[in-house]
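Since the model is a prediction, treat every value here as computed from it, not as a measurement. Just follow the structure's listing: the first ligand is 1, and inside any ligand the first atom is 1.
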Amino acid sequence: MVRLSLGIALAATLSQTVSAAPINDTEAAAAPVAVSSSFLGGLFDFLDTANLTVTHHEGKLYGCKCSPGQLCWPSQSKWNSLNTTVEGKLQVHIPPAASCYNQFVGPLGTVNTYDAAACADVHANWENESWTVEKPGAALWTYFTNETCRPTMNPSDTCTLGYYGVYTITATKRAHIKAGIDFARRNNIRLIVRNTGHDFIGRSTGAGALIINTHSFQDISWINKYSGPGSYTGSAVTIAAGVQGRTILSAGHAQNPPLVIVTGECPTVGVAGGFIQGGGHGPWTTLKGLSADNVLAFEAVTASGHYVVANEQQNSDLFWALKGGGPAAYAVILSVTMKTFPDVPSTGATLYINDTHIGYDNDKYWNATTIFHKYATHFVDNGLYVYFELFPFTLRARPFVAIGKTVAELEAITAPMFAELDALSIPYEWTPKSFPTFFDLYLDLFEDEASGGSALTGGWLFTRDDVTNNNDGIIDAFKTVFSPAPGVFSFIVGHLFNPGYGKPVSNSATHPSWRNAANFVITVLPVPIGASKAEKASLQNVLTNTIDQALRDSSTSGATYVNEADPYQPNWQSHFWGSEYPRLKQIRKKWDPLGVFYSIATPGTEDWEVIQDTRLCKKL
Ligand SMILES: Cc1cc2nc3c(=O)[nH]c(=O)nc-3n(C[C@H](O)[C@H](O)[C@H](O)COP(=O)(O)OP(=O)(O)OC[C@H]3O[C@@H](n4cnc5c(N)ncnc54)[C@H](O)[C@@H]3O)c2cc1C
Ligand SMILES: *[C@@H]1O[C@H](CO)[C@@H](O)[C@H](O)[C@H]1NC(C)=O
Ligand SMILES: *[C@@H]1O[C@H](CO)[C@@H](O)[C@H](O)[C@H]1NC(C)=O
Ligand SMILES: *[C@@H]1O[C@H](CO)[C@@H](O)[C@H](O)[C@H]1NC(C)=O
Ligand SMILES: *[C@@H]1O[C@H](CO)[C@@H](O)[C@H](O)[C@H]1NC(C)=O
Ligand SMILES: *[C@@H]1O[C@H](CO)[C@@H](O)[C@H](O)[C@H]1NC(C)=O
Ligand SMILES: *[C@@H]1O[C@H](CO)[C@@H](O)[C@H](O)[C@H]1NC(C)=O
Ligand SMILES: *[C@@H]1O[C@H](CO)[C@@H](O)[C@H](O)[C@H]1NC(C)=O
């Protein structure tokens with residue numbers, strides 16, 4: 001039996017098994033576009049960037065990142081020297097469930113991995129978010145890993161790497177992040193940044209990649225009176241890259257007086273990683289805007305390997321782009337400084353309407369859902385945030401969040417909806433409850449979710465105008481989501497909020513339609529384990545062209561959310577960023593002109609694609 005963490009033995013095995021892959025490439029021939037630099041060694045000096053590898057594929061010419069097994073792949077001694085620079089934090093990446101298999105057949109070689117105790121731990125924790133977050137490269141939503149190494153009771157099955165990265169650096173210092181970026185740039189290696197692994201669409205994993213894990217950055221420092229550039233002089237907090245939502249809210253609760261920031265509803269999502277680079281919405285969003293709207297400064301390491309501060313004065317273009325302009329596209333964030341707010345007594349509630357109440361009466365279900373959704377605009381205009389799920393015969397709104405409001409105030413806001421439900425004799429269960437602080441509500445009413453599931457996800461943002469003018473059309477689109485094709489089922493996770501209410505000073509790189517939001521939904525389309533390539537393509541087609549198309553058609557002034565959307569949707573540029581897109585693309589070109597970073601459907605990645613299943617390439 002060989003334990004999972006057998007890095008050294010593995011490295012020894014690997015160096016013997018590496019051989020040139022049968023790929024028709026011209027090594028080191030595609031020179032990167034020349035990038036001028038004002039001074040050598042400066043922020044925009046990319047002269048040490050390795051050339052892409054020229055590849056012919058389906059009659060087209062590509063410049064590719066180097067893949068394991070190719071002659072251009074760095075020698076063992078180069079990897080060892082990187083490991084020395086990062087003080088031993090470099091590991092060959094083995095998927096978490098490899099311990100349930102006799103062998104892991106990786107791109108660098110084959111190793112024995114079976115370990116009964118470790119495998120039992122895998123089975124016990126596969127759906128445990130926190131356990132998965134702690135793994136250096138694991139994805140919580142596994143579809144985009146290619147599902148090649150799930151827990152098994154049959155050790156003779158084969159565990160392969162799928163679309164996971166090849167090496168991880170568990171960075172604990174700024175210098176480790178710089179070393180990883182420099183190594184990837186100088187050796188033409190695909191680079192991935194991974195914080196909590198929550199990304200729905202595989203942006204924190206990638207075949208052939210070196211992964212920099214930022215989750216160990218856990219510092220939190222409170223600022224009584226912000227004195228950086230800009231007019232804001234209130235309280236703030238600097239949060240290191242790896243801190244998760246519940247961690248920062250717990251730390252804020254321990255302050256005197258208790259403080260909050262705008263985090264996600266999800267306790268385990270990070271704050272300063274992909275979340276804020278997508279915009280970041282949560283229970284405080286209706287009152288205080290998106291998380292990105294609340295940023296005062298970032299610290300980051302650039303594609304050229306330089307440490308920078310970005311705020312209103314310094315590197316202000318980068319500052320703006322990092323606030324919602326797309327994850328892992330401009331720099332690696334080390335920390336974010338955000339506004340804080342005093343916590344306040346709040347009211348939460350749950351609303352259930354399901355078969356317990358209405359049986360399997362389709363009319364009652366859709367009438368109830370139509371009424372609930374019609375009030376989205378009214379709720380957000382009155383300062384509420386509501387997280388809800390829609391399945392056939394199940395409307396589960398848990399929770400309604402009324403920050404700073406009493407039970408009586410929440411009852412008054414919701415009374416017209418209940419009057420309509422009552423008029424149709426639709427039963428429901430409604431349980432409001434007051435809490436001494438928002439944080440108490442958050443711990444009580446928000447739930448951890450399961451990891452390890454295989455699904456495609458899409459989504460759409462419905463504006464206030466869309467809900468006002470076409471609620472029935474939106475509900476028809478929801479019906480399509482439930483049964484988009486024969487034998488196919490998908491469901492909805494929704495969030496009623498409006499980042500425009502309460503007039504947050506929005507100067508972030510998010511789609512202007514957010515400022516008029518009423519409901520943002522995620523569509524979830526489960527994918528059977530073991531689906532063939534053709535079955536996956538067919539489900540992807542259903543998501544893009546039936547499910548999300550129905551939502552788009554019902555809501556013409558809407559948008560999509562960078563972090564919770566189908567990456568293959570048409571016109572992702574304008575759906576994600578609207579009129580902000582051209583400026584973001586320019587900023588990308590300035591800060592990462594040669595594509596050191598890559599995550600799917602982010603500014604400036606139009607020419608990049610994965611070919612031959614695992615190779616990240618640029619069309620030449
Ligand atoms: C259960 C669940 C609940 C969620 N709830 C919410 C919610 O309430 N509100 C909301 O807005 N979103 C929510 N999301 C979506 C969330 O915003 C995205 O999954 C986001 O990508 C998570 O960012 P992360 O850094 O934690 O995750 P990761 O998967 O580690 O990273 C996501 C992306 O960010 C990049 N990245 C990570 N760290 C850095 C860094 N330091 N510098 C540069 N790039 C970096 C990665 O390369 C990747 O592209 C939820 C997701 C899940 C799975
Ligand atoms: C490699 O690609 C080139 C250009 O398409 C082609 O001429 C050549 O025959 C290919 N070589 C092999 C070994 O496939
Ligand atoms: C990149 O390509 C250019 C032009 O073909 C060549 O002159 C240069 O030496 C190459 N650089 C590397 C590091 O291979
Ligand atoms: C990096 O060094 C550490 C400490 O010496 C070692 O445990 C690890 O296996 C090394 N990683 C690789 C990929 O060789
Ligand atoms: C989930 O994993 C974390 C981290 O490994 C662990 O502390 C926790 O106890 C686990 N939860 C459950 C329910 O097993
Ligand atoms: C990904 O999965 C498909 C099956 O859906 C398989 O054909 C392909 O070989 C896999 N690729 C990798 C790199 O795991
Ligand atoms: C239906 O609602 C009841 C509360 O009335 C709740 O206990 C139950 O879990 C709900 N069922 C579903 C499937 O959500
Ligand atoms: C639902 O609403 C429709 C009108 O939109 C009505 O005809 C029908 O009777 C209602 N069903 C129930 C169960 O109330």
Side-chain angles (χ1 to χ4, degrees), residues 2-18 68 73-94 104 106-109 111 113 136-137 161 165-172 176 179-180 183 187 189 209-213 349-374 387-400 418-433 445 447 471-476 478-479 482 491-494:
V2 180
R3 298 195 63 82
L4 259 183
S5 54
L6 255 193
I8 296 172
L10 182 59
T13 322
L14 301 176
S15 56
Q16 292 152 24
T17 54
V18 172
W73 188 253
S75 64
Q76 193 59 51
S77 71
K78 278 195 180 176
W79 287 107
N80 289 344
S81 135
L82 172 63
N83 200 9
T84 305
T85 313
V86 299
E87 300 171 281
K89 307 289 185 191
L90 182 75
Q91 293 285 341
V92 172
H93 185 222
I94 301 181
F104 165 60
L108 304 181
V111 264
T113 44
L161 196 56
V166 181
Y167 285 95
T168 58
I169 296 173
T170 307
T172 58
H176 301 159
F183 187 87
N187 292 287
I189 302 298
L210 166 62
I211 295 177
I212 299 176
N213 180 308
T350 53
L351 171 65
Y352 298 109
I353 302 178
N354 60 48
D355 59 281
T356 311
H357 319 97
I358 55 168
Y360 297 95
D361 184 329
N362 221 23
D363 278 351
K364 277 210 161 94
Y365 175 74
W366 285 113
N367 282 352
T369 301
T370 305
I371 292 168
F372 166 75
H373 199 262
K374 191 172 80 177
Y387 177 91
F388 68 96
E389 293 156 349
L390 296 178
F391 304 92
F393 308 109
T394 297
L395 161 58
R396 184 175 189 272
R398 177 194 169 113
F400 277 63
F418 290 120
E420 286 201 42
L421 291 172
D422 292 343
L424 290 186
S425 306
I426 296 173
Y428 49 81
E429 187 187 295
W430 166 250
T431 315
K433 191 175 166 189
L445 292 179
E447 302 157 301
N471 192 52
D472 289 349
I474 292 171
I475 298 300
D476 281 343
F478 289 178
K479 293 177 184 168
F482 283 1
F491 61 93
I492 289 172
V493 176

Pairs of nitrogen or oxygen atoms closer than 3.5 Å, one from R396 and one from ligand 7: do any exist? no

N/O to N/O below 3.5 Å, does that happen between E429 and ligand 7? yes

Is at least one protein non-hydrogen atom found at under 4.0 angstrom from atom 9 (O) of ligand 8? no

the protein heavy atom lying closest to atom 6 (C) of ligand 7 turns out to be N354 ND2, 4.3 Å

Using distance alone, determine whether K364 and ligand 8 share an N or O pair under 3.5 Å. no

If we count only N and O atoms by modelled type, under 3.5 Å, do the side chains of E429 and H357 hold a donor and an acceptor together? no

How about Y352 and W430: are their ring centroids closer than 6.0 Å? no

Shortest protein heavy-atom distance from atom 1 (C) of ligand 8, along with the residue and atom involved: N367 ND2, 1.5 Å

Give yes or no for whether the N/O distance cutoff of 3.5 Å, strictly under, is met between H357 and ligand 7. yes

Should you measure from each heavy atom of L90, which atoms of ligand 4 turn up under 4.0 Å away? 1 (C), 8 (C), 10 (C), 11 (N), 12 (C), 13 (C)

Measuring to protein heavy atoms, does anything land under 4.0 Å from atom 4 (C) of ligand 8? no

Closest non-hydrogen protein atom to atom 13 (C) of ligand 7, residue and atom name please, with distance? T394 OG1, 4.0 Å

How far apart are the C-alpha atoms of I353 and Y365, what are their side-chain angles, what is the distance that settles it, and do they pass the side chain to side chain contact (heavy atoms under 4.5 Å, CB included) test? CA-CA 8 Å; I353 302 178; Y365 175 74; 5.7 Å; no

Verify whether one side chain among N354 and Y428 offers a donor that lies under 3.5 Å from an acceptor in the other. no

